[in-house]
Amino acid sequence: MGEALYAIQTVMQAKRRAVERETRLAALVCAGVLFEALSSKAGFRPLGCCNDFLAALLRFARSADKGSAVRVEATRALGKVLIAGKTATETQAKEAVKVLRGNLVNRSPLLVLATVSVLEALVFYTPFLGPEYAFDAEGFVAGLVPLLSTSVLVVRRALARLVAVVVSHNIIIASAPTGQEPAARAADPAARAIARTK
């Protein structure tokens, strides 16, 4: 398996003239599919190659001169590597968020959708976009809200879901002290009416 990952990595990182665009795209797809398939296998330890793949995929996802198709496939593969490896460091997660936030304003709906998917994976599979790491969820969501005005329905829905996912993972709900009814319940007219009939 290590040889296959090494071959894929070699094609991904080859100089532009040495590798055709379609070959690089195929390597990106292969990397994503392999990491996704191997993530559920017991004993698979991608730790050694995960960091190299993350660095290369972040570089491709960021690079505007690579073309939209390469950026989309690199972004998709990035999400699969993050899920499979579950080893992203805080620095890698911050770098990924920084790169991916820039992709959210891209004109390509496919790139935006792939980016939203990876950001959701960062929320679900790493702890770095949660309150325990002092993630600025409010600032992040504030940056997403203006993007909801896009005319592309599927992008608007994906962005709205991302807002909901980030908010739900970062909200802290305080519970009422034991033995006391929450104030909102007591103020509810329906609850008062039911209490009077008893």
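In what follows, residues are counted from 1 in the order of the sequence shown.
If you take CG on Asn170 and CG on Leu129, they are separated by 7.5 Å, rounding to the nearest 0.5 Å.
The nearest pair of heavy atoms linking Pro127 to Tyr133 is O-CD1, 3.3 Å.
Screening residues 99-108 for side chain to side chain donor-acceptor pair (under 3.5 Å) gives Ser68-Ser108, Arg71-Asn103 as the qualifying pairs, with residues at least two apart or on separate chains. Each ring pair (Phe, Tyr, Trp, His ring centres under 6.0 Å) pair with one or both residues in residues 140-172, not counting sequence neighbours, appears once here: Phe124-His169, Phe135-Phe140.
Considering only residues two or more places apart in sequence or on other chains, Lys94 meets the salt bridge (Lys or Arg N to Asp or Glu O under 4.0 Å) condition with Glu90. With sequence neighbours left out, the salt bridge (Lys or Arg N to Asp or Glu O under 4.0 Å) criterion links Arg161 to Glu120. In this structure Glu138 satisfies the side chain to side chain donor-acceptor pair (under 3.5 Å) test with no other residue, sequence neighbours excluded.
Within the 4.5 Å cutoff, the side chain of Val141 has no heavy atoms near those of the Leu162 side chain. For the pair Leu58/Leu78, a side-chain contact is recorded, criterion being any heavy-atom separation below 4.5 Å from C-beta on.
A salt bridge does not link Arg59 to Glu95: none of the charged side-chain nitrogens sits closer than 4.0 Å to a carboxylate oxygen.
Hydrophobic cluster membership for Leu110: Val72, Leu111 (Ile, Leu, Val, Met, Phe, Trp, Tyr linked by side-chain heavy atoms under 4.5 Å, directly or transitively).
Although no hydrogens or angles enter the test, the distance criterion places no donor-acceptor pair under 3.5 Å between the side chain of Ser117 and the main chain of Leu113.
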Determine all donor-acceptor pairs shorter than 3.5 Å in which one atom belongs to a side chain in residues 145-157; sequence neighbours excluded.
from   : atom 1 : to     : atom 2 : distance (Å)
Ser149 : OG     : Pro146 : O      : 2.9
Thr150 : OG1    : Val152 : N      : 3.3
Arg156 : NH1    : Thr150 : O      : 2.6

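Paired with Leu119 under the rule side chain to side chain contact (heavy atoms under 4.5 Å, CB included), one option of Leu159, Val165, Val97 passes, and it is Val97.
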